[in-house]
Amino acid sequence: MKLLVTGGTGYIGSHTCVALMDQGYSLIILDNFSNSKSSVLENLRKLNDNFIFYNIDVTDKKAVEQVFSKHEIDGVIHFAGYKSVEESVVEPLKYYLNNVVSTMILVKVCKKYNVNKFVFSSSATVYGENKVPFKEEMELLPTTNPYGETKAMSERILMDVAKADPNFSVSILRYFNPVGAHESGLIGENTKGIPNNIMPYISKVAKGELDKLKIYGNDYPTPDGTGVRDYIHVMDLAEGHVAAYKHLSKGVHIYNLGTGKGTSVLELVQAFEKANGMKVPYEIVERRPGDIAVCYADVSKAEKELGWKAKRNLIDMCRDAWRFESSI
Ligand code: NAD
Ligand code: UDP
């Protein structure tokens with residue numbers, strides 16, 4: 001069982017690689033290190049070395065074809081892409097070019113080499129301001145940024161391809177808020193510069209690298225006024241990919257990968273303090289433009305069809321996030 005994983009040295013990709021290798025898959029990992037470090041490979045090898053690596057840009061069709069021509073590939077898991085919502089507003093073309101074109105090129109090469117199994121990283125952001133809990137069959141509402149649009153477009157492209165080719169099996173995974181790190185502390189979320197996402201920000205405050213957390217608004221219609229999200233341990237998310245790959249069947253299947261439970265920013269801060277026995281200073285500031293009040297998943301479809309359910313709790317997420325952050 002040989003799988004090709006794009007973006008495999010990134011945050012979610014690296015954890016999923018470990019989960020796949022633990023299940024006996026051998027991997028071909030592609031990444032161009034545009035948002036990851038080559039040192040991830042050394043740490044991955046300490047956990048499991050059943051992979052080979054190519055430093056390749058997935059939008060380079062020739063280079064991707066060369067890999068497909070050299071190996072018997074059973075399926076593809078496509079993580080590679082840019083993910084900063086803010087940057088996508090400033091540089092939309094960079095996002096459309098990388099995120100949409102990489103998906104099209106990979107699918108085209110898959111078809112040429114008769115690889116018919118494809119798993120795609122999508123995002124809860126495609127639900128826009130639908131009513132919670134978000135369900136897979138909901139009509140997608142416009143997202144407020146180009147990043148979200150690249151995910152919605154890639155989903156549509158995959159649906160059209162599967163409609164036209166009855167042999168193609170696609171699993172679209174809509175992630176909620178992945179946080180935490182592998183229990184070994186060897187891999188985790190290694191953000192460049194000041195983090196945009198909350199867990200790496202909290203971790204840097206705990207470490208003393210940043211002064212205090214800025215909580216973006218406490219006047220949302222939520223129990224304590226702060227934003228509510230569905231945080232999921234990255235290893236649960238990784239295991240969700242293994243389940244999705246094992247259950248691939250013809251056509252397109254969409255799954256939410258979350259816990260189904262909403263947590264407010266203040267609750268997350270308290271959980272971090274409790275898990276790690278430390279204080280996280282914070283201040284309340286203005287809302288962040290583009291943020292929605294509440295986002296959490298209905299996870300019943302993944303549980304029913306994939307037999308997968310998130311197992312780790314908020315304390316595990318905070319403890320593992322800090323274990324990794326304090327080691328780097
Ligand atoms: P990440 O930036 O840590 O990982 C992405 C990896 O892809 C990086 O290692 C980067 O170097 C690589 N990459 C980017 N463009 C490439 C290209 N053209 N060729 C080769 N490699 C390339 O991000 P992540 O958090 O691990 O996210 C993985 C996927 O999941 C992305 O598609 C992202 O949009 C999606 N996603 C992430 C989140 C999240 O909160 N982290 C939520 C929903 C969806
Ligand atoms: N958030 C915050 N301060 C930060 C970063 C995020 O208060 O420095 C809040 C944000 O408003 C949202 C939640 O934390 O309610 C999760 O934000 P994140 O950027 O991690 O993920 P998103 O859900 O926006 O993709």
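Atoms considered below: every heavy atom in the structure, side chains included; atoms not considered: hydrogens, waters and symmetry mates. Counting starts at 1 for both ligands and their atoms, in listed order. Since the model is a prediction, treat every value here as computed from it, not as a measurement.
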Inset, instruction - Verify whether one side chain among Asn116 and Ser169 offers a donor that lies under 3.5 Å from an acceptor in the other. - result: no
Legend entry - Any His78 heavy atom less than 4.0 Å to ligand 1: no
Legend entry - Cationic N near anionic O, under 4.0 Å, Asp74 to Lys117: no
Inset, instruction - Measure from atom 28 (C) of ligand 1 to every heavy atom in Tyr11, Phe176, Phe33, Phe79 and give the option owning the shortest one. - result: Phe79
Legend entry - Side-chain ion pair, Glu65 and Lys61, N-O less than 4.0 Å: yes
Inset, instruction - Give a yes or no on whether Met153 and Ile172 share a hydrophobic cluster (residues Ile, Leu, Val, Met, Phe, Trp, Tyr; joining criterion: side-chain heavy atoms under 4.5 Å apart). - result: yes
Inset, instruction - Output yes when Arg174 and Glu155 qualify as a salt bridge under the 4.0 Å nitrogen-oxygen rule, no when they do not. - result: yes
Legend entry - Salt-bridge present (Arg287, Asp219; N to O < 4.0 Å): yes
Legend entry - Ring geometry between Tyr127 and Phe134 (parallel below 30°, tilted from 30 to 60°, perpendicular above 60°): parallel
Legend entry - Asn197 N/O to ligand 2 N/O under 3.5 Å: yes
Inset, instruction - Please confirm whether Phe53 and Phe33 have ring centers closer than 6.0 angstrom. - result: yes
Inset, instruction - Give a yes or no on whether a salt bridge exists between Glu183 and Arg319, defined as a side-chain N under 4.0 angstrom from a carboxylate O. - result: no
Inset, instruction - Decide if the gap between the ring center of Tyr245 and the ring center of Tyr25 is smaller than 6.0 angstrom. - result: yes
Inset, instruction - Please verify whether a non-hydrogen atom of Ala124 lies at under 4.0 Å from ligand 1. - result: no
Legend entry - 4.0 Å heavy-atom contact, Thr125 with ligand 1: no
Inset, instruction - Compute the minimum heavy-atom distance from Thr6 to ligand 1 and say whether it is under 4.0 Å. - result: no
Legend entry - Identity and separation of the nearest protein heavy atom to atom 23 (O) of ligand 2: Arg229 NE, 2.6 Å
Inset, instruction - Answer yes when Glu239 and Arg312 have at least one side-chain N-carboxylate O distance shorter than 4.0 Å, and no when they do not. - result: yes
Legend entry - Heavy-atom gap Thr9 to ligand 1 smaller than 4.0 Å: yes
Inset, instruction - Compute the shortest N/O to N/O distance between Ile198 and ligand 2 and return yes if it is under 3.5 Å, no if not. - result: yes
Legend entry - Closest to atom 2 (O) of ligand 1 (judged by heavy-atom distance), picking from Asn35, Ile12, Leu97, Leu106: Asn35
Legend entry - Glu325/Lys204 ion pair, N-O < 4.0 Å: yes
Legend entry - Mode of Asp291 contact toward ligand 2 - side chain, backbone, both, neither (heavy atoms, under 4.0 Å): side chain
Inset, instruction - Please indicate whether any nitrogen or oxygen in Ser34 is less than 3.5 Å from any nitrogen or oxygen in ligand 1. - result: yes
Legend entry - Closest to atom 13 (N) of ligand 1 among Asn32, Asn98, Asn196, Asn99 (heavy-atom distance): Asn32
Inset, instruction - Using heavy-atom distances, let me know which of Gly13, Gly81, Ser36 sits nearest atom 5 (C) of ligand 1. - result: Gly81
Inset, instruction - Could you check atom 13 (C) of ligand 2 against the protein and tell me its nearest heavy-atom contact, residue, atom and distance included? - result: Tyr231 OH, 3.5 Å
Inset, instruction - Report yes if some N/O of Thr59 lies less than 3.5 Å from some N/O of ligand 1; otherwise report no. - result: no
Inset, instruction - Give a yes-or-no answer on whether the side chains of Ser121 and Tyr175 include a donor-acceptor pair shorter than 3.5 Å. - result: yes
Inset, instruction - Please confirm whether Ala80 comes within less than 3.5 Å of ligand 1 when only nitrogen or oxygen atoms on both sides are compared. - result: no
Inset, instruction - Would you please indicate yes or no on a ring centroid separation below 6.0 angstrom for His247 and Tyr255? - result: no
Inset, instruction - Report the part of Asn196 in contact with ligand 2, treating N, CA, C, O as backbone and CB onward as side chain, heavy atoms under 4.0 Å; options are side chain, backbone, both, neither. - result: backbone
Inset, instruction - Quick one: look up the protein heavy atom nearest atom 9 (C) of ligand 2 and list residue, atom name and how far away it is. - result: Val265 CG2, 3.8 Å
Inset, instruction - Classify the contact between Lys151 and ligand 1 as side chain, backbone, both or neither, using a heavy-atom distance cut-off of under 4.0 Å. - result: side chain
Legend entry - Distance from atom 4 (C) of ligand 2 to nearest protein heavy atom, with residue and atom: Tyr216 CE1, 3.3 Å
Inset, instruction - Return the residue, atom name and 0.1 Å-rounded distance of the protein heavy atom closest to atom 17 (O) of ligand 2. - result: Arg288 NH2, 3.4 Å
Inset, instruction - Report yes or no: does Ser102 have a heavy atom closer than 4.0 Å to ligand 1? - result: no
Inset, instruction - With heavy atoms under 4.0 Å as the rule, classify the contact between Met199 and ligand 2 as side chain, backbone, both or neither. - result: neither
Inset, instruction - Going by heavy-atom distance to atom 22 (P) of ligand 2, choose the closest among Val294, Asn177, Val85. - result: Asn177
